[in-house]
Amino acid sequence: MKEIIGNVVPGNALILISGVESKDGGTPDFDCGLAAQNMFIAATSLGLGARIYGGPAGAANAKREALQVPAGYKIVVILRVGNIDKSVDAVSAASTRKKADEIVNYRK
Ligand SMILES: Cc1cc2nc3c(=O)[nH]c(=O)nc-3n(C[C@H](O)[C@H](O)[C@H](O)COP(=O)(O)O)c2cc1C
């Protein structure tokens, strides 16, 4: 899996979240996004680290046979779960947060 997500380390679990695109409709991208978010919240509430990956799903789909993804399923998103490296200061290592007024629009 290192060719899909470069910095995985032993002990990380990569969960490939996939859905079926059907001619009758359905919203696999949305559904898989919800599943990813729910599992992210569950993992972090258990004290684990988790990270959502959208970009590497394409590389994972290219290896779908090796990854034993059932026919007809498309990998939409990957969730990485593992123990948190407590030697890293998560506050200073995190991306800079934008202020609320930069990302929220109010209608007056
Ligand atoms: C839908 C979605 C797709 C994402 N895809 C990627 C990705 O492909 N690669 C990546 O490094 N981070 C990706 N992220 C971002 C990380 O999961 C993480 O949320 C982000 O880096 C913020 O973490 P930080 O504030 O600790 O830096 C994605 C996040 C979301 C919500």
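Source: prediction; values computed, not measured. Every heavy atom of this structure was used, including side-chain atoms; hydrogens, water molecules and symmetry mates were not. Atoms within each ligand, like the ligands themselves, are counted from 1 in listed order.
Sorted by first and then second residue, the pairs that involve residues 34-55 and meet side-chain hydrogen bond (donor to acceptor under 3.5 Å, both in side chains), not counting sequence neighbours, are Tyr53-Arg80. Counting only residues at least two apart or in different chains, side-chain hydrogen bond (donor to acceptor under 3.5 Å, both in side chains) contacts with residues 91-108 comprise Asp89-Ser92.
Put simply, the side chain of Asn7 does not reach to within 4.5 Å of the side chain of Lys2, judged on heavy atoms.
Minimum heavy-atom separation, Pro56 to Ile4: CB-O, 3.4 Å.
In this structure, the side chain of Asn12 engages the main chain of Val9 through a donor-acceptor pair within 3.5 Å.
Under the salt bridge (Lys or Arg N to Asp or Glu O under 4.0 Å) criterion, Asp29 pairs with Lys74, sequence neighbours left out.
Within 4.0 Å of ligand 1, heavy atoms belong to protein residues Arg51, Ile52, Tyr53, Gly54, Gly55, Pro56, Ser95, Arg97.
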